[in-house]
Amino acid sequence: MKRLLSLFILLFVFVVIIQKFERPARETIMFFPIDPTVRFTQAQTKLSLHPKKKETRYIIDWIVTSSLDRTAYLRQDISLLFANGRLIAIQSKWKENGKKLIQQKQLEQKGSRLFQAISYHQGELHNGDDIRSSQKMSGDVLYVIDSSFAPLQSFRKPATNEQKKWASALNKQTQAIVNKAANQMATILSKDNYYHLYLTELVQYNEQPFMDLTTNETETMIGNLWEGLYKNYFLGIKKQNGSMESPIGSTVPLILIKKDYSQLFVVTETADGELIILKQLLDFKQ
């Protein structure tokens, strides 16, 4: 019998109150207005394949590095790694009065897979009572072919006909998994009223604004989005019955942004098949 997917909507609205005292540094993501004078000199997420297998498994190296152009009151990085459309691992690190962060993790995997990683790098800067942010995203994509019909190999962009066939097959497999949540949302919302993209595609908006938004508005929306993702996805997913579940095994979050920029939705399916919808209100209607 097919499992009926339950629907759970969680509303998260952000109101930033800058208090007249220094808040204690802690591992969290809180968005504050962007300081345009501060920039990341480095922000990189890199996936690589070890050339030799460990018995029947191969090893993926996942490295996240970032550096700000000055010391921040709080430096924070979080990163998510998906394989064939589902979350398999997360990383996070924070540092008080820091500029540079480095994280590295090795994962044993098997079978042909499409790996997609995305990271959010943030610096929180204090100048008296004024608190500002600096942020950047980075990501990487790696196809790994592990088959008895082909040598162990990896690539980011297919170059040969064989690689193109493998990439096409893995893309279709991944899309079939992530599209389940998208298809269910299509029965609830009119697709024509929303811009839609997957979380792993968000990196492109490092350099360009969303349609009809300024660069500052785009950065504000992205910063608030990551604050909500950290609290309501990265740290754990609250289910309909009130229990908390690890995000591991959930699908790549689908982001739906209403075209009048009044609200957005984040949609994912948990490892056990429950559809989770997070709703965020935006405050710059066009």
Query raised in the report: Run the side-chain contact (heavy atoms from CB on, under 4.5 Å) check on Asp146 and Gln109 step by step: do they pass?
Result: CA-CA 10 Å; Asp146 177 26; Gln109 299 287 297; over 6 Å; no

Query raised in the report: Can you check side-chain contact (heavy atoms from CB on, under 4.5 Å) on Val178 and Leu254, steps first, answer last?
Result: CA-CA 8 Å; Val178 299; Leu254 169 66; over 6 Å; no

Requested in this report: Assess whether side-chain contact (heavy atoms from CB on, under 4.5 Å) is satisfied between Leu114 and Val141, documenting all intermediate values.
Outcome: CA-CA 7 Å; Leu114 165 57; Val141 173; 3.6 Å; yes

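Dense packing is recorded around CD of Gln106, with more than 12 heavy atoms of other residues, nucleotides or ligands lying under 6.0 Å away. Residue-environment remark: NZ (Lys105) exceeds the threshold of 12 foreign heavy atoms within 6.0 Å.
Below 30°, between 30° and 60°, or above 60°: for Tyr58 and Phe115 the angle between ring planes is above 60°, a perpendicular geometry.
Judged by distance alone, with hydrogens and angles left aside, the side-chain atoms of Ser168 form no donor-acceptor pair with the main-chain N or O of Lys165 at under 3.5 Å.
Ionic pairing of Arg156 and Asp140 is present here: one or more N-O contacts between side-chain nitrogen and carboxylate oxygen are shorter than 4.0 angstrom.
Across all non-hydrogen atoms, the minimal contact from Ser92 to Ile78 is CB-CG2, 3.9 Å. In terms of heavy-atom proximity, Arg113 sits nearest to Asn84 at CA-OD1, 3.3 Å. Minimum interatomic distance between Phe82 and Pro253 (heavy atoms only, all atoms of both residues): CZ-CD, 3.7 Å. In terms of heavy atoms, Gly123 sits closest to Leu68 at CA-CD2, 4.3 Å. Of all heavy-atom pairs spanning Ile177 and Gly85, the tightest one is CG2-O, 4.2 Å.
For residues 199-224, every residue pair satisfying the ring pair (Phe, Tyr, Trp, His ring centres under 6.0 Å) rule, not counting sequence neighbours, is listed here: Tyr205-Phe210.
Remark: Tyr143 pairs with Phe155 by the ring-ring contact (aromatic ring centres under 6.0 Å, His included) rule, at least two apart or across chains.
Note that the OG1 atom of Thr218 and the CD atom of Glu207 stand 12.0 Å from one another [nearest 0.5 Å].
Counting only N and O atoms by type, the side chains of Gln153 and Gln163 include a donor and acceptor under 3.5 Å apart.
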